[in-house]
Amino acid sequence: LSRLGFLSERNQFDLSNAELLAIAMLTMRGYNIINGNESSGAPLRDKLLAYLDNALIKLPICNADLLYRQDKYANPDDYTIGNISTWNRSLTASLDDFETNLGVKFLITPLPEEQTRAHCIYKLYDVDICNRDIIGEYQVNFRPETCFSVIDKNDRGDFVEINLREIPSI
């Protein structure tokens, strides 16, 4: 919870303590509690996900043309060109394009600023000054239930690159 104190000092977006806690958990070791599939923690996960969604709505919208995601758990066979994929939880992406050997690298094209469900979590902390070691990236999160179209998929040898385009959510 020490991270919660740091975030609250920089809280210019009128986030509640529960919303700050959800963000702190998402950006640290509590990621699997919020975005995991374990049914045993479903009531807690659903509550935290609701707080996270409320927080994301209050944070600035991302206006980047391209976002990146590295995922060692994603199965490339689950992504077929032309299919639509809905992220039931919050999809984490980054402005940073890290070199990857994690299995799958997603290139994500968000909708225009007035339509996207992508919000800038990194605006809560100063990545360049003191938190690069803690968080390590310019993190952007899509709100739960965001939809994407699979545009392209390429085997790059060490990893599979999947291009997604955010589409209006149903």
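Residue numbers count from 1 along this sequence.
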Of all the heavy-atom pairs spanning [X] and [Y], show the shortest one and how long it is.
X	Y	answer
Leu48	Ala22	O-CB, 3.7 Å
Phe142	Ile108	CZ-CG2, 3.8 Å
Ala74	Val104	O-CG2, 3.6 Å
Leu95	Cys62	CD2-SG, 4.3 Å

Indicate, with yes or no, if [Y] and [X] share a hydrophobic cluster defined by side-chain heavy-atom contacts under 4.5 Å among Ile, Leu, Val, Met, Phe, Trp and Tyr.
X	Y	result
Tyr51	Trp87	no
Leu20	Leu44	yes
Phe13	Leu56	yes
Phe148	Leu107	no

Around atom [atom1] of [X], are there more than 12 heavy atoms from other residues, nucleotides or ligands closer than 6.0 Å?
X	atom1	value
Lys47	NZ	no
Tyr68	OH	yes
Asp155	CG	yes

Taking C-beta and beyond as the side chain, do [X] and [Y] meet within less than 4.5 Å on heavy atoms?
X	Y	result
Asn141	Leu26	yes
Val160	Arg156	no
Lys153	Asn163	no
Leu52	Ile23	yes
Thr80	Val150	no

Checking [Y] against [X]: is there a side-chain donor and acceptor pair closer than 3.5 Å?
X	Y	value
Arg117	Thr146	yes
Asn17	Glu19	no
Glu166	Thr116	yes

Result of checking Leu49, Asp53, Asn54 against Arg143 for side chain to side chain contact (heavy atoms under 4.5 Å, CB included)
Asp53
Given a cutoff of under 4.5 Å between side-chain heavy atoms of I, L, V, M, F, W and Y, with clusters grown through shared members, what are the other residues clustered with Ile151?
none
Atom pair CZ/SG of Arg165 and Cys147 - distance to nearest 0.5 Å:
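Atom-to-atom, Arg165:CZ and Cys147:SG are 14.5 Å apart.
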Any salt bridge between Lys105 and Asp97, counting N to O under 4.0 Å?
yes
